[in-house]
2 protein chains.
Amino acid sequence: MIRRKETDMSSNVIVGLSTSLDGIASGESEADFWDVHNAVLGWVFELASWRAEQGMDGGEDNEDSRVWARQNERIGAQIVGRRMFDFGYEPWGDNPTFHAPVFVLTNRPSERIDKQGGTSYTFVTEGIAAAVEQAKAAAGEQDVLIAGGLSVAQQALAAELVDELSMHVSPVVLGQGARLLDDTGRIDLRQVSLTSSPSGVTHVRYEVVR
Amino acid sequence: MIRRKETDMSSNVIVGLSTSLDGIASGESEADFWDVHNAVLGWVFELASWRAEQGMDGGEDNEDSRVWARQNERIGAQIVGRRMFDFGYEPWGDNPTFHAPVFVLTNRPSERIDKQGGTSYTFVTEGIAAAVEQAKAAAGEQDVLIAGGLSVAQQALAAELVDELSMHVSPVVLGQGARLLDDTGRIDLRQVSLTSSPSGVTHVRYEVVR
């Protein structure tokens, strides 16, 4: 579905985020973190594809589920922020659903951690460009996903390291919270796919035009 | 395409706006007004349906053009802000393309002005609820459109007078400017249509859930 130059076999860097219609992707404080999380990611947790990633049966096998599965099929490595890592490390468990190398952008050096099922955590202290370079090398011909936190995605956008934006927009206006796209410079885009679903979530992908 | 109760023959109040992907609908100053205007409304000016409204032939007869025409077919009255009116009055000319009663929300009382082709300008000084009431009465079974300025649309949203949001999202991130949806309260929505187009503009309509 993504138009790509036939000769371009290198991996794309994708920022993939779920937001409200007003672009809110995260809480501004711990107090509203879960409210925002549930409002913009609520559509995910009943999907058959999401449940399968968690090792669970059942769930809804609908267009949302197929969009989620298609996005994840293409991912060969991820980049996450340190705060997201610290928050997620315990719940992600011994066999995390990444099933791919994860690069953690941080100021604190740590030894690489290997988990079951292909997930590893590598700590990168040399900044976003180094994290992208290492993640691309690990991903090979697959893509690199930045799905949070917001700061990592914003750093990658500001450094012009992002090739695609993949947004999942829930049918709600939240009115407050933190946006991915806030005080960025101008970014020209080309829409590469738009998928509607009975849930009312809009799945839209854009290529960054350089 | 809009699901509506069969018994509901009264007019809906629609906020219809063109924005960037980061939700920017207008400049923050006169300096960036035209940059934003061209970035978020550039898709309109070559449409066959838009040109026909201006009394011009030709233009592109594509999905964007049909979406534009469908939206305008349903409109029996409009509400605009005073600043938009002052800005537009001269260029809109003697036979404005509204072809419907226009209610101007203002603090300065003025006599009603009648133009050719069904357009009239009525100045409402009693606030947004009064403007909506008068516009609904004028629209009959057709809908009321609020297409700007932002302040009028925001006042209508805050007063819970809006039934539908109709957004036209251009494939660009602007990074700065004024948003329609900023510091609103939470608004729950139901998506009623999603239309893609070769231009990459996303046309999405939502019903406000009360």
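Residue numbers begin at 1 in each chain, while the letters A, B, ... track the order of the sequences. Note that the coordinates shown come from a computational prediction; the quantities given were computed from them, not determined experimentally.
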State whether the number of non-hydrogen atoms from other residues, nucleotides or ligands found under 6.0 Å of [X] atom [atom1] is greater than 12.
X	atom1	result
B/D57	CG	no
A/E133	CD	no
B/Q54	CD	yes
A/R66	CZ	yes
B/N107	CG	no
B/Q176	CD	no
A/E46	CD	no

Taking atom types as modelled and ignoring hydrogens, do the side chains of B/Q191 and A/S196 form a donor-acceptor contact shorter than 3.5 angstrom?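 Short answer, no.
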Would you say the side chain of A/V169 lies within less than 4.5 Å of the side chain of B/V204, judging by non-hydrogen atoms?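 They are not in contact (no side-chain heavy atoms under 4.5 Å apart), so the answer is no.
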Locate the shortest heavy-atom distance separating B/L189 from A/V172; write the atom from each residue and the value.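 Nearest heavy atoms, B/L189 then A/V172: CD1-N, 4.0 Å.
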Side chain from CB out, backbone as N, CA, C, O: work out which of these in A/I24 comes under 4.5 Å of a heavy atom of chain B, or both, or neither.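 No part of it gets close to chain B.
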Quick one: CG on A/D22 to CD1 on B/I187, what's the gap to the nearest 0.5 Å?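 It comes to 8.0 Å.
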Nearest 0.5 Å, please: how far is CG in A/D188 from OG in B/S170?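 One finds 11.0 Å between OG of B/S170 and CG of A/D188.
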Tell me which of these, B/L174, B/L165, B/T19, has more heavy-atom pairs under 4.5 Å with chain A than the rest.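 Result: the option with the highest number of such pairs is B/L174.
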As an exercise: rank A/P171, A/G200, A/A39, A/G23 by heavy-atom pairs under 4.5 Å with chain B and give me the winner.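 With the most close heavy-atom pairs to chain B, the winner is A/P171.
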Heavy-atom pairs under 4.5 Å with chain B: which of A/V209, A/D182, A/L157 has the most?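 If we count pairs closer than 4.5 Å to chain B, A/D182 comes out on top.
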